[in-house]
2 protein chains.
Amino acid sequence: MMEDDLSFLLANLCKAYRNQLDIALSQHGLYVGQEMILRALWAEDGQSQARLAARLRIEPPTVSKMVRRLARIGLVTQRTATGDARARHVWLTERGRAIRPAVEAACQAVARQAFAGLTAAETAALVAAMQRVYRNLADQA
Amino acid sequence: MMEDDLSFLLANLCKAYRNQLDIALSQHGLYVGQEMILRALWAEDGQSQARLAARLRIEPPTVSKMVRRLARIGLVTQRTATGDARARHVWLTERGRAIRPAVEAACQAVARQAFAGLTAAETAALVAAMQRVYRNLADQA
DNA sequence: GGCAAATAATAAGCTGGCTAAGAATATTGT
DNA sequence: ACAATATTCTTAGCCAGCTTATTATTTGCC
């Protein structure tokens, strides 16, 4: 039951975080989750979808859908790159690059709001504990 | 960027937790999330959907869908209760009650796995930090 | 060379979650 | 008593995310 409290807390915390991020991103026409694709491309433009999926730890079909939507709103384009005719690499458009500062600011604002008031020691302990819990779960799978 | 690491960690941790829970629950024919409805009903059978939504902190249309699916697989039934003809209260079926020990065991197994190896002090600190972060986000909204 | 096996992306269809809009019913105010 | 408002639920349609199955292409092996 102690652990159940933690589970409930984790779920609610995650949802609250997503909600706040969703609100912040919606002002730039994005849904929560899409910023991850953009951030990956800002770090390295022209990645294949398989590479994006691996980086973001989501499945290829999910990337496929998200990229299509980002392409529809004009933030990325898909081009089949040199060499492999199967792979459709994803490239930022001018607008996709231009939106970067606003989106990064929005993400940072939510992060700052979330972790406000924690001391350096508390933050370090939180990171350590979360990494431990993550490994407990991920190592199994 | 320190905060961004935390954000990424939080998202991945939450996803890992959901995945493990999903695997555990699928062996009983459930999807992750549905166990929350059942647990609420095990604690208090016959709640209205509005009440369930408030308790679980999800929106009424989400409850509506989930209850319909749980009804389809024969774990709950809906009846319009006394007094208010709008409200359709949700009741566990015999099977909905019978599945309880197995589902609770599955939830606890994931929780134990997740939080294994944390000392009491670490767990307490984790709870405190997560509650703080949750309030930082929820108070805003 | 040619054929089988691996890989890249997509399609179909499911879930939880959301918002907006609608249909019933209750409640409240006058 | 009746009109206006509020509440409860459902429907429609969107998103992220998933699995399974297809289609193209590439690679690897004989």
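Naming convention: chains lettered A, B, ... in sequence-line order (proteins, then strands); numbering from 1 in each chain. Quick caveat, the model's predicted, so the values are computed rather than measured.
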*Could you check A:P61 against B:R72 and say which one's nearest nucleotide on DNA chain C is further toward the 5' end?*
A:P61
*Are any of B:Q34's side-chain N or O atoms less than 4.0 Å away from OP1 or OP2 of C:dG16?*
yes
*Side-chain ion pair, A:R55 and A:E44, N-O less than 4.0 Å*: yes
*asked:* Can you work out whether B:R18 or A:A50 has the more 5'-proximal nearest nucleotide on DNA chain C?
replied: A:A50
*asked:* Can you see if the side chain of B:R88 gets near the phosphate of D:dT8 - specifically, an N or O under 4.0 Å from OP1 or OP2?
replied: no
*Please state whether the phosphate of C:dA9, meaning OP1 or OP2, lies under 4.0 angstrom from any side-chain nitrogen or oxygen of A:S64.*
no
*For the side chain of A:S48, starting at C-beta, report the closest nucleotide among C:dC18, D:dA24, C:dA9.*
C:dA9
*Report yes if a side-chain nitrogen or oxygen of A:T62 is closer than 4.0 Å to either non-bridging phosphate oxygen (OP1 or OP2) of D:dA16; otherwise report no.*
no
_Do the side chains of B:E122 and A:R132 get close enough for a salt bridge, i.e. N-O under 4.0 angstrom?_
no
*Is there a side-chain polar atom (N or O) of B:R69 under 4.0 Å from OP1 or OP2 of C:dG16?*
yes
*Report the residue from B:M66, B:Q47, B:R69 that forms a side-chain contact (heavy atoms from CB on, under 4.5 Å) with B:I37.*
B:M66
*May I ask you to say whether B:E35 pairs ionically with B:R39, meaning some side-chain N is under 4.0 Å from a carboxylate O?*
no
*Report yes if a side-chain nitrogen or oxygen of B:Q49 is closer than 4.0 Å to either non-bridging phosphate oxygen (OP1 or OP2) of D:dT10; otherwise report no.*
yes
*asked:* Pick the closest DNA chain D nucleotide for A:M66 and for B:D84 by heavy atoms, then say which residue is nearer the 5' end.
replied: B:D84
